[in-house]
Amino acid sequence: MEKIQKQLEQVVRQLFGNDLLVELTVAPEETGSDYASNVAMKLAKVAHKAPMMIAEEIKTELGKVSEGYTIEVAAPGFLNFALDEESFAKQVAEYAEVVDISSDEYSGKTVVTEFSDPNPFKVLHVGHFYTSVVGDAISRLLELAGAKVVRANFGGDVGLHVGKTIWALLQSNYSSDDITIEKIGQCYVAGTKAYEEDETAKDEITHLNKVVYALADLGEERSLERLEIEMVAEDFGISTAEVMRIAELYWRGRKLSYQYFADFYARIGLKFDKYYPESTVAGRGLTEVKAHIGTTYEESDGAVVYRGEKVGLHTRVFINREGVPTYEAKDVGLIFTKWDDWHFDESVVITGNEQSDYMKVVLASVQEYAPELVEHTQHLTHGMVKLPGNVKMSSRKGNFLKAVDVIDMIEHELAETSSEEARSRYSSLQGCAANLSRESGLSSEEPQPTSVDTKIILAAIKYAFLRYRMGGDIVFDPKESVSVSGNSGVYLLYSAVRAKKILQKLKNEEVNKKIVQEDELQYERKLNKKIVQYAEVVRGAVQEKAPYKLCNYLYELAQEFSRFYEHVPVAGSVRVSERKVMVQAYLNVMVHGLGLLGIEVPEAM
RNA sequence: GUGCCCGUAGCUCAGCUGGAUAGAGCGUUUGCUUGCGGAGCAAAAGGUCGUAGGUUCAAAUCCUGUCGGGCAUACCA
């Protein structure tokens, strides 16, 4: 394809002295060709000639150098290219050997990807699952393109939500020994409710929040020292015993939270290179913002704000009137900290789209005094995860879908299946759901080696998240995601496993000649055509940081293989050696592509 | 009010740096099981691409208006 493109560009330049962008696309099926170009029609305007005539001229000229393909002209001026069997065979044979599509677009570059970003003291919900899967897939794509990727995770270990939670924990008289991640989650909901409904509670929480900031500033060790505790107690006018309790609850809860995150990430096969708790960047953010008061930021109503209106945005508060840095200032601190840590060539931040304008304001402010950091930063956003039927989830009320619930839901869906036949078909999946639930007790930060069943369920979920274009809300349908047919991860896995089975069979093959039907060659050709497009698709997916493009391609590829599988015998055929190459190439591409999505292919299903 | 995102088949989505008859899956209807695993394959029905204009040889795609939905819009993250 690249060869055709180059030759075509050359001819266009030669004939028309014009180096406009020559586009080569995959030709529609009915044309019987493989690739198509519309240059002739684009040239019609500048050359003042009929498109068909231009196309014919190009065809004649290109025909002199063309090799391995034939050219046709179609109304109203398309140039269609059909590859010879040998050209296909050669390319497919390369994929059968090894999938080598690494590009150098990012070679030698450092990219920091930031995603997932859960807050300690809050529960991981389905949105974290989604953004984690998407962020990891994008990271993998960038790694393939040669980048050194640093997966970063930014989370609010200080902030109002912590104040609310600790307040409720104190109200419930919990000690640091008997809190669990579940109790913390419940107390966050209770604390939020009190904050909204009870003025006294609101004041207490605001005050408590400042105590927590002070303790976090000291760090775990110092904040538990007698001398420091006495000073904090004096500063905030509360008893040393109370400070002690708060400190213990805080550090214990924080530890439980980070362990809970690590456990979850390990279960889904993901590992972060760097955690940036907000407490570790808040100071830096405060310093940067304060240093630019009067130039970039200004004081207003006792707070420090940035007037986004001057660049078409809105005003946001960076330091509130209590002197506490808001999320804005912490994000400023994070940008500088990342820069100091990695000197990134690119920083990719992935969050929900509700933060779109927020991030613009933060970046616009930093742009004024550290433009080089902002120029290398890209903010990607995604929508919310919704359930079928437009079910809304509210995290404030606590009635939302937890990340682990996703797995439970699938288990539930499977159990609902009523027919005897289907039940037995699903039994292995049920087992794996149970397996995953059990694994929740594990506490290793390394990604867990996954069993066959776990691979299937993770594939189902990850694929269900990744197949949508990023940006808008997505609908997660548990039923469809484990669906054994259609555009699902399970379907892709199944098609790959079938290919494996064919290859295993061929190891002890007996030659049993079968006549090759004419239509079999059509299925071969279609499969080959699809396989050969892989490198191009990956390039596009990397460029646009769009894993969904890869998903779409892999699904179409699996479909093409399934058709081939149904209609074309491999074992025993006189074309067994040629077909073996195709199957091997298909399997290699599928395994490689799914790998880029963070999905593993099991040996059997 | 202002800004951003979205609107394509009953449902969920591709297609959007303009190109050939707008494509998939689910669901519905109908076929295919001595066969490398039927967790599959084949086929049918289903569309005024929200709507009205404009630009162009050519518009789902670009521009403008408009309607509908979502998000953001000062001390949460």
Side-chain angles (χ1 to χ4, degrees), chain A residues 21 23 25 27-28 30-31 36 38 41-42 44-45 50-51 74-78 80 117 119 122 154-156 159-164 192 195 278 300-306 308-309 312-322 324 326-328 330-331 351-358 360-361 381 383-384 388-389 395-396 422 425-426 429 456 467-469 471-477 479-480 483-488 490-491 493-495 497-499 501-506 509 548-549 551-552 555-556 559 562-563 565-573 576 579 583 604-605:
Chain A
L21 187 70
E23 282 178 290
T25 55
E30 319 79 60
T31 60
N38 61 1
M41 287 178 287
K42 292 208 160 154
K45 201 164 274 174
F78 287 102
N80 290 333
D117 295 352
N119 285 328
K122 287 171 85 171
F154 182 45
L160 196 54
H161 63 285
V162 181
K164 291 170 178 174
T192 302
Y195 184 86
E278 285 183 11
S300 169
D301 265 348
V304 178
V305 305
Y306 175 72
E309 285 78 5
L313 300 166
H314 60 271
T315 295
R316 295 201 74 97
V317 173
F318 282 65
I319 302 173
N320 71 19
R321 70 161 66 94
E322 307 286 335
V324 173
T326 60
Y327 189 43
E328 285 81 341
K330 294 172 194 165
D331 240 328
T351 73
N353 53 21
E354 73 280 357
Q355 296 196 26
S356 179
D357 285 358
Y358 153 82
K360 281 182 194 161
V361 176
T381 65
M384 286 194 314
S395 93
R396 287 169 55 237
R425 184 187 300 159
Y426 289 137
L429 286 177
I456 297 170
R467 53 180 279 233
Y468 299 102
R469 180 169 46 126
D473 291 348
I474 71 159
V475 173
F476 176 74
D477 187 336
K479 201 171 271 180
E480 215 169 272
S483 166
V484 289
S485 61
N487 192 352
S488 75
V490 179
Y491 175 81
L493 251 37
Y494 179 62
S495 76
V497 168
R498 279 173 134 186
K501 293 297 170 191
I502 292 178
L503 295 172
Q504 279 169 19
K505 209 95 183 174
L506 289 179
E509 71 186 270
Y548 82 94
K549 296 215 160 191
C551 289
N552 285 336
Y555 173 62
E556 287 167 12
Q559 266 188 318
S562 293
R563 289 174 189 140
Y565 181 92
E566 293 288 335
H567 299 98
V568 183
V570 178
S573 162
V576 62
R579 288 173 181 173
V583 175
M605 298 173 67

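Chain letters run A, B, ... following the sequence lines, proteins first and then strands; every chain starts at 1. Keep in mind it's a predicted model, so treat the numbers as computed, not measured.
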Margin query: Strictly under 4.0 angstrom, non-hydrogen atoms only: write out the protein contact profile of nucleotides 1-7 of chain B, one letter per nucleotide from the 5' end, B, S or -.
Written below: --B----
Notebook entry, point to check: Where does RNA chain B pair, written as one dot-bracket string 5' to 3', with Watson-Crick or G-U pairs under 3.5 Å, ( ) inside the strand, [ ] for crossing pairs and | for another strand?
Noted result: (((((((..((((.....[...)))).(((((.......))))).....(((((..]....))))))))))))....
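- The ring-ring contact (aromatic ring centres under 6.0 Å, His included) check on A:Y548 picks up nothing, with sequence neighbours excluded.
- For A:R563, the salt bridge (Lys or Arg N to Asp or Glu O under 4.0 Å) test picks out A:E560, with sequence neighbours left out.
- The side chain to side chain contact (heavy atoms under 4.5 Å, CB included) test applied to A:S300 returns A:V305, A:R307, not counting sequence neighbours.
- Here A:N487 pairs with A:Y463, A:R467, A:Y555 under the side chain to side chain contact (heavy atoms under 4.5 Å, CB included) rule; sequence neighbours left out.
- Between the side chain of A:N487 and the base of B:A14, no donor-acceptor pair under 3.5 Å is found.
- The side chain to side chain contact (heavy atoms under 4.5 Å, CB included) check on A:T351 picks up A:V349, A:Q355, A:H379, A:T381, with sequence neighbours excluded.
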Nucleotides 40-42 of chain B: which of its N/O atoms have a protein N/O under 3.5 Å away?
from: B:G40; atom 1: OP1; to: A:V484; atom 2: O; distance (Å): 2.5
from: B:G40; atom 1: OP1; to: A:S485; atom 2: N; distance (Å): 3.2
from: B:G40; atom 1: O2'; to: A:R498; atom 2: NH1; distance (Å): 3.0
from: B:G40; atom 1: O2'; to: A:R498; atom 2: NH2; distance (Å): 3.4
from: B:G40; atom 1: O2'; to: A:E566; atom 2: OE2; distance (Å): 2.6
from: B:C41; atom 1: OP1; to: A:Y491; atom 2: OH; distance (Å): 2.7
from: B:C41; atom 1: O2'; to: A:H567; atom 2: NE2; distance (Å): 3.4
from: B:A42; atom 1: OP1; to: A:R563; atom 2: NE; distance (Å): 2.7

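- Judged as a ring-ring contact (aromatic ring centres under 6.0 Å, His included), and not counting sequence neighbours, A:Y494 has no contacts.
- When each of A:I474 and A:N320 is assigned the nucleotide of RNA chain B with its nearest heavy atom, A:I474 is the one assigned upstream, toward the 5' end.
- Applying the salt bridge (Lys or Arg N to Asp or Glu O under 4.0 Å) rule to A:E23 yields the partners A:K42; only residues at least two apart in sequence or on another chain are considered.
- A:T381 comes within 4.0 angstrom of no nucleic acid atom, judged by non-hydrogen atoms across all strands.
- A:Y468 meets the ring-ring contact (aromatic ring centres under 6.0 Å, His included) test with no other residue; sequence neighbours excluded.
- Checked against side chain to side chain contact (heavy atoms under 4.5 Å, CB included), A:T326 has the following partners two or more places apart in sequence or in another chain: A:V317, A:N320, A:E328.
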